[in-house]
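Each chain gets a letter, A, B and so on, in the order the sequences are listed, and its residues count up from 1.
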Amino acid sequence: MKYEFGRIEKKWQEIWEQKKVYAAVTGSDRPKFYGLIEFPYPSGEGLHVGHPRPYTAMDIVTRYKRMQGYNVLFPIGFDAFGLPTENYAIKNKIHPAVVTKRNIARFTDQLKMLGYGFDWDRVVDTTQPEYYHWTQWIFLKLYEKGLAYKATMPVNWCTSCKCVLANEEVVNGVCERCHSEVVRKEKSQWMLKITEYAQRLIDDLDGLDYIERVKIQQKNWIGRSVGAEIDFDTTAGDKIKVFTTRPDTLFGATYMVMSPEHALVAAWADRLENLDEIRAYQEAAARKSDFERTELAKDKTGVELKGVRAVNPVTGEEIPIFISDYVLATYGTGAIMAVPGHDTRDWEFARAFGLPIVEVVAGGDIEKEAFTDCETGTMVNSGFLDGMSVETAKKTITQWLTEKGIGTEKVNYKLRDWVFSRQRYWGEPIPMVYCDKCGWVPLPESELPLLLPEVENYETTDNGESPLDRMTDWVETTCPHCGGHARRETDTMPQWAGSSWYFLRYMDPHNDKELASKEALEYWSPVDWYNGGMEHTTLHLLYSRFWHKFLYDIGVVPTCEPYKKRTSHGMILGEDGQKMSKSRGNVINPNDVVNEFGADTLRLYIMFIGDFEKAAPWSTNAVKGCKRFLDRIWNLAENRIGGDGGYSAVHEKLVHRTIRKVGEDIENMKFNTAIAAMMSLVNAFYETKPNRAEIRTLLTLLSPFAPHIAEELWEIQGFEGLACQAQWPEYDEAKTVDADREIAVQVGGKLKTTVTVPADCDDATAIAAATSDEKIRRLMEGKQLVRTIVVKNKLVNLILK
RNA sequence: GCCGGUGUGAUGGAAUUGGUAGACGUAGUGGACUCAAAAUCCACCGCUGGCGACAGCGUGCCGGUUCGAGUCCGGCCACCGGCACCA
């Protein structure tokens, strides 16, 4: 009989679907396990070979858990709002909803082709009104609690997408999606106060089972730093507030710098003697894109504000004030005290402008470079701080400033509030109206979902407004508050909105009363294991943690963190070791692989390819090797011998070891070595034919990895029920160990030979066995044995003199 | 510049966390089967020397700790990812 993968894969996919073997049951008594993968964006290109890596991994984990008796929730959905679909729609004059529907159908076929055990009754689609109803509802709640606000501020504007971007979406000064130039633009935007959660987003990481690099990257992104805020008096009467992490160096502050956008510059217009020069600098700074700004980072530029001076609160000296674009408007207070002796940037600026550099921490050579070390230095030229360590000086000066009312301790974060509006059509409408009398007014919950209207033209307007802006009938409305004239918000939500809570909807996807029932949320929360890409660490993963914490605070969800465990997979590279891309021509289409080798082979290969967390290049030859392995299993089933009892004496030990190894490896995401262990078992079965019990165990172990072939052989062998519903086999630790051990014999730490000894034998027996070996005896001739080291069941090391 | 990570045969990668380096797969070589090829099955497969038993070397480089180091410590080099004038 031939292994017709095409036929059997289709056959079992239909049977599984019909029998609903992957249905999750809310409220079941069995322990629950919620395994989650990042739902795909249904692009026009269809599934990429990168997708099956995390999907197959979690499919294996959840199948394994199911076989262990867990009530498993393993859902799938589509994150379908977004720019590529909209752009495709514009180009081809098709409604994005139609494009989305088509793409989702294609993705669904491909996912089913790979035999994933998703609960297809729980599919979510973020573009459906039944879904975005609740995305909008969460927004209203955020607004109600003061966490959504409208603000006019400089935002990142992608010149190609004609759309604002969140900070997280700007990579190296260009748009994360289209790589076009990003410029700063003043715009009125909806903002979400993620900064309010900064500390909790850091603190709560401690209790989570996330891979370490994810935690580190999130912490770095949030960027907490502790210091002080200090007020400097000025000759204009206003105070300049600065933030510093080095209040200990206050005596060395010889000038001040404000960002070019700082409000005091405008306030002082009348007093400034060189206003033209200042204005010119401000304009030049505003014109620079983020990219240019970082490019030009080497040389410090700036202009002194002539006519106003600041006063150093500890030295009493008048010091000059500059504006320079090395000071960012959006961090801290937008102004700094410059301590050129002990800050690299201030040092460079001081050198460029010939400003005095004073040493206040001894230990370096400030003639050559700024001395920034906080560990070793001693305070000098600092009045009452002299002789103190930096740490002590920090505490002392902060206390002093607080007592005098000049400053206070202060924590700052790099994280900024989340720019939440997009000037685009294909997104969730923001359920707010602007009333001339009442200002911004939220829609009442009863009016949700606010449907996305049909428009004729999806393009952004020339003045950078959303296409919805042209929909006069839709835009013009009445104020829910006073009934007067009002206009709807025409911006839509960003791509990240729908994905910030989708894992909750899976728990109760058809609920039309609330985002999910209390019962379902209590039963399934939190997600037990979430696997996804590193690229989402500071985007989706952070955003969804923020939303979840908010929902926890208002009593909607029962846990303060959404995901208990987070892991991440490496990329699949092309055969040339380069990132797969159409232009390189190294793209592998999963459909081709499935047609040629079958879904089981693809699944197996993609897990065997290498360390799950690392990038790995594709190898068609190695795919063939996996197909060969399945062929060998297929042939094996015809070559087994009878005997329904237990395992045979020849295989027992290896079978027990393999059960242990495969189970442990699945839990630790070491799928490659789990497969290697099964290969070894099959190799042993080729040496000595397996019996029925051994075949049964092999098929059970194989089932999570290659479910179709396992199921078919299961049926052929006449085992009861379905392979995918079989119980995971038990192993007996006692049966995994040998009666005898082959241990290493070393002389002076160098391996000379091996000897066989009884397992767990005492040291004397091991030494006796080693020293009676012919070869070792020869080496010992004429030498004196000065020391022996014995490691039980491993080795004997003889030290000779 | 700062923060993470990686470096092992021709090749993808293993190695119980300080204890027999190279499991498993790919490629390669030899053999069986075949008129032949493919497929399949069996064997070999780190480098150097030797007919050989065997000896020496070997986990990016240099040093150290240890009876013993791919694994730990110090100093380099290379590559990958993230952040980047964050005061």
Practice problem: Any chance you could encode RNA chain B as dot-bracket? Rule is Watson-Crick or G-U wobble with both distances under 3.5 Å; [ ] for pairs crossing earlier ones, | for another strand. | Solution: (((((((..(((......[....))).(((((.......))))).((((....))))..(((((..]....))))))))))))....
Practice problem: Name the nucleic acid region contacted by Lys215(A), choosing base, sugar-phosphate or nothing; use a 4.0 angstrom heavy-atom cut-off, strictly under. | Solution: nothing
Exercise. Classify the ring geometry between His536(A) and His540(A) as parallel (under 30°), tilted (30 to 60°) or perpendicular (over 60°).
Key: perpendicular
Quiz prompt | Residue pair Tyr331(A) / Ser259(A), side-chain donor-acceptor N/O under 3.5 Å | solution = no
Self-check item: Geometric class of the Phe349(A)/Tyr255(A) ring pair [parallel <30°, tilted 30-60°, perpendicular >60°]
Solution: parallel
Quiz item: Without hydrogens or angle criteria, can the side chains of Tyr210(A) and Gln218(A) be said to hold a donor-acceptor pair below 3.5 Å?
Solution: no
Quiz item: Tyr686(A) ring centre to Arg632(A) NZ or CZ under 6.0 Å, with the angle to the axis within 45°?
Solution: yes
Exercise. Take the protein atom CG of Asn621(A) and the nucleotide atom P of U26(B), then report the distance between them rounded to whole Å.
Key: 9 Å
Quiz prompt | Atom-to-atom span, CE of Met534(A) to C1' of G5(B) - whole angstrom | solution = 10 Å
Quiz item: What integer distance in Å separates Ile776(A):CD1 from C54(B):C1'?
Solution: 14 Å
Quiz prompt | Phe685(A) CZ - U40(B) C1' separation (whole Å) | solution = 20 Å
Quiz item: How many Å lie between CZ on Arg246(A) and P on C85(B), as a whole number?
Solution: 20 Å
Self-check item: Pi-cation contact, Tyr326(A) with Lys300(A) (under 6.0 Å, within 45°)
Solution: yes
Quiz item: Which whole-number value in Å describes the distance from Arg660(A) CZ to U16(B) C1'?
Solution: 9 Å
